[in-house]
Amino acid sequence: MKSAEIRQAFLEYFREHGHEVVPSSPLVPANDPTLLFTNAGMVQFKETFLGLEQRPYKRATSSQRCVRAGGKHNDLENVGYTARHHTFFEMLGNFSFGDYFKRDAIRFAWEFLTQTMKLPADKLWVTVYEDDNEAADIWLKDIGADPARFTRIGDKPGKKYDSDNFWSMGDTGPCGPCTEIFYDHGPDVAGGPPGTPEEDGDRYIEIWNLVFMQYNRAADGAMTALPKPSVDTGMGLERLAAVMQGVHSNYDIDLFQNLIKAAAATTHSSGLDNNSLKVIADHIRSCAFLIVDGVLPSNEGRGYVLRRIIRRAIRHGYKLGMNDPFFYKLVAALVDEMGAAYPELAKAQTQVERVLRLEEERFAETLDQGMKILEEDIARLKSKEIPGAVMFKLYDTYGFPADLTADIARERGLSVDMAGFDQEMAAQRERARSASQFGGGYPGKVDVDAESEFTGYEHLADQAEVIALFAGDQPVESLRAGQEGMVILNQTPFYAESGGQVGDAGRLQGRNGVFGVTDTQKQGHGVNAHIGKVEHGELKLGDTLKAEVDEQRRQAIVLNHSATHLLHAALRQVLGDHVTQKGSLVEPERLRFDFSHFEPMTAEELRQVEMLVNEQIRANAPVETALMNYDQAVEAGAMALFGEKYGDQVRVLRIGEFSTELCGGTHARRSGDIGLFKIVMEAGIASGVRRIEAVTGQGALDYIGETEKNLTRIAAAVKGGREDAAAKVNQVLERNRKLEKELEQLKAKLASSQGTDLAAQAIDVNGIKVLAAKLEGGDAKALRDTVDQLKNKLGKAAVVLATVNGDKVALAAGVTKDETGRIKAGELVNHVAQQVGGKGGGRPDMAQAGGNDPAPLDQALASVEAWVREKIV
């Protein structure tokens with residue numbers, strides 16, 4: 001049976017037995033920051049098992065895509081070296097939520113394997129938890145399993161409930177015994193049955209684990225029976241496919257063989273039994289599906305794990321002789337294999353290919369540089385261990401990941417000093433912390449034991465009572481004229497900074513004093529604190545004040561905030577569903593929106609986004625908010641940010657039919673209030689993260705007005721009208737380029753003529769012509785060209801030339817190739833550069849440097865002869 005047929009047979013079997021077939025959830029777990037990736041079929045049912053979520057069915061089955069390449073579950077290092085480790089795999093599972101239990105779960109498993117899959121019973125081996133007599137009786141008495149192929153697995157020495165056959169969701173919570181089914185690959189394969197000292201061999205391979213959630217474990221270790229025991233099972237599709245297809249290695253199944261053939265064709269490799277091809281075939285699956293689920297390469301979190309996997313695949317391509325991008329070409333083959341089961345993969349094919357190709361191009365230079373440096377360091381090793389300092393230098397200077405260094409070391413029979421690498425990393429983090437220390441402004445967080453109601457959704461002014469006052473972080477009874485502090489009211493229309501929206505400003509006015517509010521921040525248990533200064537009079541605890549938000553400022557903020565939601569929706573329409581918010585800032589003057597995307601936006605894409613947002617503004621759709629529970633909000637289509645903590649009740653913002661998101665900020669009444677939307681900047685701020693800044697309303701009109709003024713000035717400067725200003729500017733630029741080219745040619749001629757004269761000044765030092773001189777009127781390119789001319793003219797030579805422009809010194813050094821073994825151009829140029837306040841570097845035969853102290857240049861050039869003489873003695 002092919003892998004696709006096995007997957008379908010499994011789901012169909014359980015569908016016929018009353019199970020709801022549930023689609024695979026994404027690899028990024030929804031609203032669960034405790035997990036890096038979905039690593040088991042039960043992840044999407046976690047809340048159901050915990051009793052926090054009700055589903056309309058009590059039985060479910062799925063084929064869940066999983067990644068184990070980071071965090072607690074990390075198989076990355078083993079991929080390519082073992083028969084069954086993968087970064088990506090599919091877990092077939094059936095689940096019962098308080099419905100059937102051990103008897104039916106065991107019966108389903110045995111029936112599926114022996115009748116549907118037609119596996120011989122004498123090829124299966126069963127294990128149960130040592131104390132689980134109920135499961136043992138079901139196997140031995142009801143199913144009729146062979147007692148000779150049955151094992152009880154106990155706890156590890158001195159550790160109660162710590163067994164391969166006892167499962168826990170965590171240190172506390174649901175847990176229970178499990179039973180595992182193994183397949184016997186036969187006596188030709190080394191290894192003994194589970195539970196024996198030889199169990200680590202490959203003869204007996206676990207294919208299915210049936211977990212019985214039977215108990216709840218308290219913090220003190222006490223176990224109590226769950227009122228509704230449940231079942232969670234998991235079986236690796238790839239392992240079952242290996243059994244059904246009569247092969248021992250997962251990499252020999254149809255799915256992998258097709259990907260390995262595609263990888264071999266793409267890398268021009270002969271033969272299919274190659275570990276590098278296996279690594280590439282495995283990694284294209286995890287990389288493609290992670291990108292499908294919104295993960296992009298970056299330097300942190302999930303994006304960093306993805307980057308590591310991509311770079312590991314590229315490195316194995318490099319081993320096979322591939323120096324050009326190749327990995328992205330395998331996406332098409334993967335779509336052929338898995339696109340029918342996962343339509344989202346086929347839909348995102350172009351996006352996945354673009355992301356992988358860009359990452360390959362970025363890494364190509366890093367890989368080439370890193371490999372050369374590593375090869376040199378390995379050649380100099382005096383032991384069988386690569387030092388941590390070498391690993392850190394490769395990582396810190398060349399961006400070469402430590403796990404790649406470890407991978408290469410493993411292939412060469414070397415070890416790595418990970419402890420030394422970690423020590424270097426810790427030292428770097430400490431240096432970074434020391435460098436980033438700065439003085440804080442007013443004030444830090446204070447502990448406010450009070451409750452304050454926010455009334456600013458409905459109106460911008462309110463009567464309120466002062467319930468707390470702070471000067472710095474100290475509570476006080478009053479604040480006097482000129483004194484800075486914080487005021488806490490029992491209710492307030494002032495919005496506190498949150499979700500990217502800046503805090504409100506305004507005035508608190510009472511009978512005895514006025515407090516100017518410059519900012520509003522959350523303090524203590526979420527109360528809105530008014531930060532500012534007493535303008536005159538005095539404020540006391542218990543005073544009644546009129547709290548007035550600066551209306552014009554708030555209005556500008558709400559326009560920008562509502563426009564941010566429209567921008568987010570427009571970006572997803574134009575660029576794709578991979579776009580997610582990575583940060584935002586909403587203030588009166590502008591909006592700033594950071595989002596996940598893998599390359600700069602084109603002018604046409606920016607135009608489309610602007611057009612979509614302005615279309616929605618002209619549609620003048622209502623901006624509506626509603627309170628509902630989180631699940632209802634998600635079902636209604638509201639976007640939630642992963643990692644954000646949401647309460648039972650969430651605020652859903654809907655702008656027409658265009659945008660629906662969770663948001664607690666303040667907004668316009670209708671989209672038309674925004675008036676106009678204009679993008680003023682788009683740029684990258686981190687790997688895989690872009691930033692857009694935009695203006696709305698009066699700010700947009702002001703921006704366009706200023707642009708019009710600048711266009712008029714440019715038109716006047718090039719003596720044309722506004723309509724032909726661009727053409728006139730292009731003419732000026734073209735003329736400027738011609739003049740620069742002519743100037744460069746003149747400089748080259750001048751340098752060449754000087755070079756001819758300089759050649760006569762070369763001094764013979766033990767058969768090498770040494771020349772150190774100044775070049776008048778040259779630039780960096782002229783220096784390099786003249787050095788090359790002199791090297792050709794002088795034969796065996798070491799040349800240093802310098803030119804001075806104001807207080808800057810430019811240097812170039814060249815050494816003929818037959819002398820680079822004794823004299824390095826980089827060392828030579830640095831010898832001079834250090835004396836004129838600079839440094840530089842380059843190849844052994846050509847190097848450049850700069851300095852900012854021309855005064856000692858003559859003396860520095862004069863020292864070259866002695867320096868060369870010392871090197872060649």
Do the side chain of [X] and the main chain of [Y] share a donor and acceptor less than 3.5 angstrom apart?
{"X": "Gln351", "Y": "Ala348", "result": "no"}
{"X": "His530", "Y": "Val487", "result": "yes"}
{"X": "Asn614", "Y": "Phe677", "result": "yes"}
{"X": "Thr455", "Y": "Thr492", "result": "yes"}
{"X": "Gln491", "Y": "Gln463", "result": "yes"}
{"X": "Arg691", "Y": "Ala683", "result": "no"}

For this session: Using a strict cut-off of less than 4.0 Å between a Lys/Arg side-chain nitrogen and an Asp/Glu carboxylate oxygen, indicate whether Glu535 and Arg507 qualify as a salt bridge.
Result: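 Looking at Arg507 together with Glu535, the answer is yes, because their closest N to O distance falls below 4.0 Å.
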Exercise. Out of Val305, Val28, Val67, which one pairs with Val295 under the side chain to side chain contact (heavy atoms under 4.5 Å, CB included) rule?
Worked result: Val28
Problem set entry | Verdict with supporting geometry, Glu497 and Lys522, salt bridge (charged side-chain N to carboxylate O under 4.0 Å, His left out) | CA-CA 7 Å; Glu497 182 176 332; Lys522 295 281 188 188; over 6 Å; no
Exercise. When Glu661 is tested against each of His565, Arg654, Gln581 for side-chain hydrogen bond (donor to acceptor under 3.5 Å, both in side chains), which residue passes?
Worked result: His565
Problem set entry | CD (Glu458) with more than 12 external heavy atoms under 6.0 Å |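 Correct, the count exceeds 12.
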For this session: Examine His568 together with Phe595 and report whether their ring centres are nearer than 6.0 Å.
Result: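 No, ring centres 6.0 Å or more apart.
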